[in-house]
Amino acid sequence: MGLCQPSADVPFSCGACCGLFNLELKPDQFRTLLKDRTETFKESVDFSKPYTMAEFRKVREEAEKNFIKKDPLTYNCPFLGMLTEEVNGTSPDIKVRSRIGCMIHPVYTGDPRSQNYSFYGASICQAYDCRNKERNFADEWENVFSEFADDSFSYSSLSSDYRSIDLIEGYLTEKGIPSSEWFTGSRETILNILKIKFEQNISLWNTSFELDMESPPPISWRERLAKWVGLESDDPRL
């Protein structure tokens, strides 16, 4: 499936467009919510009885109706859950070390229209591509994100953050580095910038629907990138 569900050897994936990160929750609460959904789904949904998918949605929407949303117009789909068993890790931080995604995707149900039991419906769910997935170098960015991320939270933060990637691409272009070298000779530069993004807690919990409401300032790409990640324009890390 590309950027949102990377190659099979990557144990993580992105679930940003399903609205999870539109909720005002802490990492441990996100993880608990995903586990609760997944357990309830396994206990109550039978694909041979499609009405159980509708019942699951009703139950979960009721259970989650009081969660505070960043954007009240962005839907939080309860069919987003854990698709694989979690793998072990050593970090003390709260992580979700399993692939996350749509639990009623046709690849699991065998029904190409099963996502019609969701709010958006199969046509929207299957056709939507976020801005990073539409990039000319989406496959290369997928490889970078897969290398950098250590769980589905960090992978989602990267895959859904088109603003940081816009700035990185603009910065590299401004430096005169051809796009053919971005993911080879400049790979360490990219990884270092992504490290700064996480250290500075920049744009970590996205839905992929975020919009820039203002025109970019009349300054260089380097200055714009530095400002975005909270650095001085002359920071030697850029």
Side-chain angles (χ1 to χ4, degrees), residues 2-4 6 10 12-17 19-27 30 69-71 74 91-95 129-238:
L3 185 67
C4 48
V10 179
F12 318 126
S13 56
C14 179
C17 68
L20 178 69
F21 305 121
N22 186 50
L23 301 176
E24 291 281 9
L25 299 176
K26 297 177 181 179
F30 281 131
K69 295 183 176 182
K70 301 171 187 174
D71 176 6
T74 296
S91 172
D93 297 331
I94 301 297
K95 304 286 184 180
D129 283 340
C130 69
R131 285 178 56 172
N132 277 345
K133 192 175 179 183
E134 291 177 332
R135 288 184 188 277
N136 292 333
F137 299 99
D139 290 344
E140 288 80 3
W141 281 113
E142 175 191 329
N143 290 333
V144 170
F145 299 161
S146 298
E147 175 184 343
F148 185 91
D150 64 351
D151 79 325
S152 284
F153 285 167
S154 53
Y155 187 89
S156 295
S157 173
L158 294 165
S159 296
S160 60
D161 181 10
Y162 74 87
R163 291 171 293 190
S164 292
I165 306 308
D166 279 351
L167 289 169
I168 292 173
E169 289 189 350
Y171 166 67
L172 295 175
T173 300
E174 183 179 71
K175 291 186 68 175
I177 300 172
S179 57
S180 60
E181 297 179 10
W182 289 355
F183 304 98
T184 53
S186 296
R187 192 178 190 86
E188 284 303 313
T189 297
I190 290 174
L191 292 172
N192 286 335
I193 294 172
L194 296 180
K195 181 180 178 182
I196 294 170
K197 161 186 157 70
F198 279 87
E199 289 175 345
Q200 300 285 78
N201 295 315
I202 302 300
S203 195
L204 297 186
W205 309 104
N206 311 299
T207 64
S208 81
F209 306 134
E210 288 79 11
L211 297 174
D212 282 326
M213 304 304 292
E214 299 179 359
S215 299
I219 55 179
S220 69
W221 283 100
R222 178 193 176 95
E223 291 172 306
R224 287 168 59 184
L225 176 59
K227 182 177 180 181
W228 173 249
V229 296
L231 301 179
E232 298 295 329
S233 59
D234 59 352
D235 193 293
R237 288 174 286 179
L238 295 180

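FYI, side chains are in, hydrogens and waters are out, and symmetry mates aren't considered; it's all heavy atoms of this structure.
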(message) Is there a side-chain contact between Lys133 and Trp141 in this structure, where contact means two heavy atoms from C-beta onward sitting under 4.5 Å apart?
(response) no
(message) To the closest 0.5 Å, what do you measure between CG (Asp150) and NZ (Lys95)?
(response) 3.5 Å
(message) Which heavy atom of Glu147 sits nearest to which heavy atom of Leu191, and what is that distance?
(response) OE2-CD1, 3.4 Å
(request) Please determine if Arg135 and Asp166 form a salt bridge, counting it only when a charged side-chain N lies under 4.0 Å from a carboxylate O. (result) yes
(message) Could you check whether Asn192 and Thr189, counting side-chain N and O atoms only, form a donor-acceptor pair closer than 3.5 Å?
(response) no
(request) Using a cut-off of 6.0 Å, state whether more than 12 heavy atoms not belonging to Gln200 lie near its atom CD. (result) yes
(request) Working to the nearest 0.5 Å, report the span between CG of Asn201 and OG of Ser157. (result) 9.5 Å
(message) Does any part of the side chain of Lys175, heavy atoms only, come nearer than 4.5 Å to the side chain of Leu238, both counted from C-beta?
(response) no
(message) Rounded at 0.5 Å granularity, tell me how far OG in Ser203 sits from CG in Asp161.
(response) 3.5 Å
(request) Taking the side chain as every heavy atom from C-beta outward, state whether Leu158 and Lys197 have any atom pair closer than 4.5 Å. (result) yes
(request) Check the angle between the aromatic planes of Phe183 and Phe137 and answer parallel, tilted or perpendicular using the 30° and 60° thresholds. (result) tilted
(message) With side-chain contact (heavy atoms from CB on, under 4.5 Å) as the criterion, how do Val144 and Leu194 come out once you've worked through the C-alpha distance, each side chain's angles and the decisive distance to 0.1 Å?
(response) CA-CA 10 Å; Val144 170; Leu194 296 180; 3.8 Å; yes
(message) A side-chain contact here means heavy atoms from C-beta on lying under 4.5 Å apart; do Asp129 and Leu3 qualify?
(response) no
(request) Using modelled atom types only, decide if a donor and an acceptor are shared between the side chain of Arg222 and the backbone of Ser233 within a distance under 3.5 Å. (result) yes
(request) Would you check if Asn206 and Tyr162 make a side-chain contact, meaning some heavy-atom pair closer than 4.5 Å? (result) no
(message) With a 6.0 Å cut-off (strictly less than), is the heavy-atom count around NZ of Lys227, excluding the residue itself, greater than 12?
(response) no
(message) A side-chain contact here means heavy atoms from C-beta on lying under 4.5 Å apart; do Thr184 and Glu181 qualify?
(response) yes
(message) I need the minimum non-hydrogen distance between Gly15 and Ser156, along with the two atoms involved.
(response) N-OG, 3.2 Å
(request) Start with the C-alpha distance between Phe145 and Ile165, add both sets of side-chain angles, then the distance that settles side-chain contact (heavy atoms from CB on, under 4.5 Å), and finish with yes or no. (result) CA-CA 11 Å; Phe145 299 161; Ile165 306 308; 3.8 Å; yes
(request) Would you mind reporting whether Pro6 and Ser13 have side-chain heavy atoms less than 4.5 Å apart? (result) yes
(request) Scan residues 190-238 for pairs that pass ring pair (Phe, Tyr, Trp, His ring centres under 6.0 Å), counting only residues two or more places apart or in two chains. (result) Phe21-Trp205, Phe30-Trp205, Tyr128-Phe209, Phe148-Phe198, Phe153-Trp205
(message) Show every salt bridge (Lys or Arg N to Asp or Glu O under 4.0 Å) that has at least one partner inside residues 200-209, sequence neighbours left out.
(response) none
(message) Tell me the closest heavy-atom pair linking Tyr155 and Cys4, and the distance in Å.
(response) CE2-O, 4.2 Å
(message) Under a 3.5 Å distance rule, please check whether Glu223 uses its side chain to pair with a backbone N or O of Ser220 as donor and acceptor.
(response) yes
(message) Nearest 0.5 Å, please: how far is CD1 in Ile196 from CG in Leu225?
(response) 8.0 Å
(message) Checking side chain to side chain contact (heavy atoms under 4.5 Å, CB included) between Lys69 and each of Thr74, Asn22, Thr207, which is the one that passes?
(response) Asn22
(request) Calculate, to the nearest 0.5 Å, the distance between atoms SG and CG belonging to Cys14 and Leu20 respectively. (result) 10.0 Å
(request) Could you tell me the separation between the CG atom of Asp151 and the OG atom of Ser154, rounded to the nearest 0.5 Å? (result) 4.0 Å
